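In what follows, a single structure is set out as structure tokens and then discussed.
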Amino acid sequence: MSNSLFRRKIITEQPPEHQLARTLSWPHLVALGVGAIVGTGILTLIGVGADRAGPAVLLSFVVAGAICACAALCYAEMATMIPASGSAYTYSYATLGEVIAWVVGWSLILEYSLVVATVAVGWAGYANGFLDARGWGLPTYLTHGPVIGGAFGINLLAIAIIAIVAGLLMLGTRESARINTGLVVLKIATLTLFVAFSLPHFDAANLHPFAPLGYGSTAGAGGVKYGMMGAAAIIFFAFYGFDAISTAAEETKNPDRDLAIGIVGSMVACTIIYLIVAAAAVGALHYTKFADSPEPLALILRGIGQGTVAAVVAAAAVIALPTVILGFLYGQSRIFLVMARDGFLPTSLAKLSSRGTPARITAVTAVLVSILAALTPLDVIASLANAGTLCAFIAVAVCVLVLRRREPNGRRPFRTPLAWVVAPGAILGCLYLFTSLQSITQISFLIWNAIGLAIYFLYARRRSLVA
């Protein structure tokens with residue numbers, strides 16, 4: 001039995017009727033990565049991070065960024081070594097074995113579903129506010145899930161934005177990539193506008209006390225972790241998204257070159273953007289005035305007398321937020337596609353449309369995530385996405401080390417520099433961030449994977465095509 005649990009998948013080229021259309025180059029991949037990474041994280045989590053760490057949130061960004069950078073370098077090596085769809089799930093299946101791949105794939109389902117649903121609900125909240133301000137508001141029961149006072153409700157706009165993005169992805173990968181690139185440019189322009197107006201108000205006095213709650217991770221009320229590392233565990237959400245690039249391997253024109261540029265390039269660009277925005281934010285206004293705000297950047301601009309610019313930033317952010325939904329819905333549909341090819345899902349879902357896109361699996365993915373966004377209370381479980389991502393990052397770093405031993409002379413178009421330092425750094429960093437998450441998140445993640453393993457042993461294992 002143990003041999004069957006750890007049987008490995010041999011990666012082969014798909015037959016022509018199952019091959020995804022190769023339409024993406026490295027600028028598309030960088031834009032996909034930046035679009036998925038820069039979103040609700042920097043737009044909202046800087047306030048949550050400041051509430052937990054004070055001005056030391058700057059170091060929280062550095063720590064989370066450094067751990068993600070190590071993971072990104074590992075992803076770049078694995079993506080160019082195994083240029084196939086499926087991201088960490090595929091790498092684990094080819095390197096570590098089937099049961100490990102299932103756990104990683106199950107964790108990625110958790111990550112991608114929660115991110116898409118959370119961003120869709122957040123976008124719907126902004127959009128509902130915009131409509132209400134103009135007298136076009138929807139009935140209350142169409143603006144939220146069935147959680148307010150136990151009353152029935154369904155989040156109609158959350159469903160609508162997921163349907164629009166899914167339709168765009170089914171239309172064609174190249175077309176959706178072009179629109180995504182335009183929205184990413186708008187998003188970067190928005191953050192540039194924020195920095196341009198807030199940086200002149202930088203006051204070093206706002207950085208004191210720098211770390212009011214310490215540099216470690218200290219438990220507080222309700223299981224919340226405070227301090228610099230406690231904030232880093234939450235801010236980590238703001239950095240991941242580059243893993244969606246690795247799911248585009250089969251649709252990349254020159255995977256040997258473009259995947260590494262896309263993964264590492266988007267990570268470097270976003271780290272620089274985040275540090276500049278975070279420095280401008282904590283320097284322009286004392287952190288106590290925007291800590292835990294749902295719209296910290298707009299609040300800071302209003303606090304320094306830039307109300308008009310704040311309105312522009314808030315509006316542009318809402319327009320650009322669907323790029324996050326696009327990046328993660330794209331990634332999740334590709335992971336589902338590969339799991340269908342492997343027999344873990346009905347193989348009929350792996351059929352491609354005439355445009356070379358996985359339209360069936362994209363539609364199914366959109367329906368599942370829409371149900372989650374429309375009906376599920378996400379405030380308690382949203383940080384579960386972090387736990388799922390940490391699991392995937394650890395698996396990819398382990399894959400790098402295992403293949404360095406098993407296939408020391410294997411083909412590696414991109415080699416992780418100082419692999420025996422970088423990969424263990426990613427593993428240990430992710431493990432530490434996991435311990436810095438709330439206890440309820442850790443327990444929920446273990447329960448989620450216990451359910452996943454039950455499904456694997458009762459259903460998926462005997463359907464595996466690798467068997």
Side-chain angles (χ1 to χ4, degrees), residues 37-69 190-239 268-314 317 383 386 429 432-433 435-438:
I37 297 169
V38 179
T40 49
I42 191 62
L43 295 172
T44 63
L45 284 184
I46 189 171
V48 176
D51 180 56
R52 285 160 169 73
V57 70
L58 285 170
L59 295 182
S60 300
F61 273 103
V62 172
V63 170
I67 293 171
C68 284
T190 301
L191 293 176
T192 302
L193 188 66
F194 168 79
V195 171
F197 280 88
S198 60
L199 204 55
H201 292 81
F202 187 94
D203 183 356
N206 289 328
L207 301 181
H208 300 288
F210 187 70
L213 297 169
Y215 291 94
S217 179
T218 307
V224 176
K225 298 290 183 72
Y226 290 92
M228 185 196 75
M229 291 304 298
I234 295 296
I235 285 173
F236 175 76
F237 180 95
F239 279 94
V268 170
C270 291
T271 300
I272 293 171
I273 292 167
Y274 281 5
L275 288 176
I276 293 174
V277 171
V282 297
L285 199 66
H286 198 267
Y287 81 94
T288 54
K289 296 180 180 178
F290 65 88
D292 221 11
S293 167
E295 46 164 8
L297 300 190
L299 190 152
I300 290 168
L301 287 169
R302 289 195 295 269
I304 59 176
Q306 299 292 341
T308 302
V309 180
V312 172
V313 167
S383 62
N386 279 14
Y432 186 84
L433 288 182
T435 64
S436 297
L437 290 170
Q438 297 181 47

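Please read all numbers here as calculations on a predicted model, not as lab measurements. If you read the sequence from its start, that first residue is 1, and numbering goes on from there.
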(request) Taking the side chain as every heavy atom from C-beta outward, state whether Leu59 and Phe210 have any pair of such atoms under 4.5 Å apart. (result) yes
(message) Ignoring hydrogens, what is the shortest heavy-atom contact between Ser198 and Ala284? Give both atom names and the distance.
(response) O-CB, 3.6 Å
(request) Apply side-chain contact (heavy atoms from CB on, under 4.5 Å) to Leu213 and list each qualifying residue two or more places apart in sequence or on a separate chain. (result) Tyr226
(message) Phe239: which residues meet the ring-ring contact (aromatic ring centres under 6.0 Å, His included) condition with it, sequence neighbours left out?
(response) Tyr274
(request) Supply the atom-to-atom distance Ile300 CD1 to Gln306 CD, rounded to the nearest 0.5 angstrom. (result) 13.0 Å
(request) Just jot down the side-chain contact (heavy atoms from CB on, under 4.5 Å) partners of Ile273, sequence neighbours excluded, or say none. (result) Ile188, Leu191, Val277
(message) Could you check whether any side-chain heavy atom of Thr190 comes within less than 4.5 Å of a side-chain heavy atom of Phe194, counting everything from C-beta outward?
(response) no
(request) Quick one: closest heavy-atom pair of Ala53 and Gly227, and the distance? (result) CB-O, 3.8 Å
(request) Could you tell me which non-hydrogen atom of Arg52 sits nearest to which non-hydrogen atom of Ala231, and how far apart they are? (result) CB-CB, 4.0 Å
(message) For Phe290 versus Ala281, what's the shortest heavy-atom pair and its separation?
(response) CE2-O, 3.9 Å
(request) Please report the closest heavy-atom contact between Leu58 and Ala279, naming both atoms and the distance. (result) CD2-N, 3.4 Å
(message) Restricting to side-chain contact (heavy atoms from CB on, under 4.5 Å), what partner residues turn up for Ala310, sequence neighbours left out?
(response) Ala298, Leu301, Arg302
(request) Mind running side chain to side chain contact (heavy atoms under 4.5 Å, CB included) on Phe202 and Leu207 for me, showing each step along the way? (result) CA-CA 10 Å; Phe202 187 94; Leu207 301 181; 4.0 Å; yes
(request) Can you sort out the partners of Ala196 under side-chain contact (heavy atoms from CB on, under 4.5 Å), two or more places apart, ordered by chain and number? (result) none
(request) Tell me, please, which residues at least two apart from His201 pass side chain to side chain donor-acceptor pair (under 3.5 Å). (result) none
(request) With sequence neighbours excluded, tell me which residues meet side chain to side chain donor-acceptor pair (under 3.5 Å) with Thr435. (result) none
(request) Determine yes or no for a side-chain-to-main-chain donor-acceptor pair under 3.5 angstrom, with Asn206 supplying the side chain and Tyr287 the backbone. (result) no
(request) Answer whether the closest heavy-atom distance between the side chains of Tyr215 and Met229 falls below 4.5 Å. (result) no
(message) Is any side-chain heavy atom of Pro212 closer than 4.5 Å to one of Pro55?
(response) yes
(request) Take Leu433 and Ile67 through the test side chain to side chain contact (heavy atoms under 4.5 Å, CB included) and record every step on the way to the result. (result) CA-CA 9 Å; Leu433 288 182; Ile67 293 171; 3.7 Å; yes
(request) For residues Ile235 and Ala64, report the shortest heavy-atom separation together with the two atoms involved. (result) CG2-CB, 4.3 Å
